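These notes concern the structure reproduced below.
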Amino acid sequence: MSGAGHAQFRYTQTPSKVIHLRNLPWECHEDELIQLCSPFGKVVNTKCNVGANKNQAFVEFAEQSQAIAMVSYYASSPDPAHIRGKTVYIQYSNRQEIVHNKSPGDVPGNVLLVTIEGVEAGDVSIEVIHLVFSAFGFVHKIATFEKAAGFQALIQFSDAETACTAKNQLDGRSIPRYLLPPHVTSCNLRISYSAHTDLNIKFQSHRSRDYTNPYLPVNSTAFEGSLQPGLGTDGKKLEPESNVLLAAIENMQYAVTVDTLHMVFSSFGPVQKIAMFEKNGGTQALIQYPDVTTATVAKEALEGHCIYDGGYCKLHITYSRHTDLNIKAYSDRSRDYTIPNPNIASSQLSGVPSASTTWQTHLVTSEYPNSGYAAAGPVDPSQEPSSWPPGASPAAGSIHMGFQPDLRPGVSSPPYYGK
DNA sequence: AGCACA
């Protein structure tokens, strides 16, 4: 009957222009709250991600009548409010206004604090983390650690804007499943801003990387027993690591030049040498980095990805057995970028036997009858290390390919970040 | 699914 028909009307609350929402999806965004609430009035303030589970929120209307309208509506509506498919429970807050205490994690900065939920530290390698976050810009440094909150990583970008983009795109989502070990079904990323601005990375190790300083000493002991599980989630690849990568280019519908490869592989560190050759009817290339760590990073990041959208020029990367390529000639198929200023003659390569044909059979192990560097065109082959990292001047810029292969959110791989 | 922060 009247008065809701129940003798006990326990849910009577004093109205407030602030409503309390609970059972929200994890890390619900402010705009989702506004979208839900604005039909009832003007939202003047919100506070999201409240409570231990971050699944509560407050919304403050301009007028109390607006809050009453919303609470009343959903109190009698047959279908409840929902956000992202979850039923949202709404009531008046027991406070009359939202007081904004911005938690430190909400203050934007260039360093993100990422909590990877539901995984052991060994489940997600630093290469995977680097790959995922590199989709948004150059990642300067990564430090990982285990805390009570779980497996966490600090990711340093150039600026807060880049970090913000990455945060917005990845917060609450999972690392693509194909990058996770089989036994991990999902691993939600919880991302906030760190107060740090510049991480102090002392070693390249299985738990920390400085991509701006490839010459940082490698803490090799830190790698032992833990590096190769990075690939060894399946434990199948037993191929020894190397600073030289062998890249097979499949479905090469577009021309891939040594310059293309240099651009692509330079994203991960200074490329010292490149040699391209034909083998088994396909194009392959050897890419030499100064160290195994950089090569590993590049390998993890690029394996299986395509240089061009649409599945063209797919890279299959393994470790080469070589450690130092013996580049004899500066040609369209081989380069030695470590040579400071090879007196580049203006003549063409005409007098020099085709390096590429020699490469495919002898590679670096063989001795070359003709020594010395071949003549070259006007291109300056000396890529001084200072041209790296490509943070300011993206290596991928000039070729239109925007090389963040399959991981650009919303471009070529929306499904990867589902959920 | 039930109220924030220093």
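Not measured: the values here are computed from a predicted model. Every chain is numbered from 1, with letters handed out A, B, ... down the list of sequences.
- Of the candidates B:dG2, B:dA4, B:dA1, the closest approach to any side-chain atom of A:Ser93 belongs to B:dA4.
- Checked by atom type, the side-chain pair A:His29/A:Asp171 shows no donor-acceptor distance below 3.5 Å.
- Atom OH of A:Tyr92 is separated from atom P of B:dC3 by 18 Å (rounded to the nearest Å).
- When only modelled atom types and interatomic distance are considered, A:Asn94 and A:Gln13 share no side-chain donor-acceptor pair under 3.5 Å.
- Nucleic acid contact for A:Asn94: base, since at least one base atom lies under 4.0 Å from a heavy atom of the residue.
- When heavy atoms are screened at a 4.0 angstrom cut-off, A:Val18 is found touching no nucleic acid atom at all.
- One can place CD1 of A:Ile90 at 14 Å from C1' of B:dG2, the figure rounded to the nearest angstrom.
- One interatomic measurement links the two molecules: CD of A:Glu30 to P of B:dA4, which rounds to 20 Å at whole-angstrom precision.
- Per the geometry, CH2 belonging to A:Trp26 stands 17 Å off P belonging to B:dA1, to the nearest Å.
- Ring-base stacking between A:Phe58 and B:dA4 is satisfied, the centre separation being under 5.5 Å and the plane angle under 30°.
- Going from atom NZ of A:Lys86 over to atom C1' of B:dA1 covers 9 Å, rounded to whole Å.
- In this structure, the nucleotide among B:dA4, B:dA1, B:dC3 sitting nearest to the side chain of A:Ile98 is B:dA4.
- Among the heavy atoms of the strands lying under 4.0 Å from A:Glu97 is at least one base atom, whether or not backbone atoms are also near.
- Put simply, NE2 on A:His82 is 16 Å from P on B:dA1, counting in whole angstrom units.
- For A:Tyr319 and A:Thr296, the side-chain atoms include at least one donor-acceptor pair closer than 3.5 Å.
- With hydrogens and angles left out, the side-chain atoms of A:Ser16 and A:Gln64 include no donor and acceptor closer than 3.5 Å.
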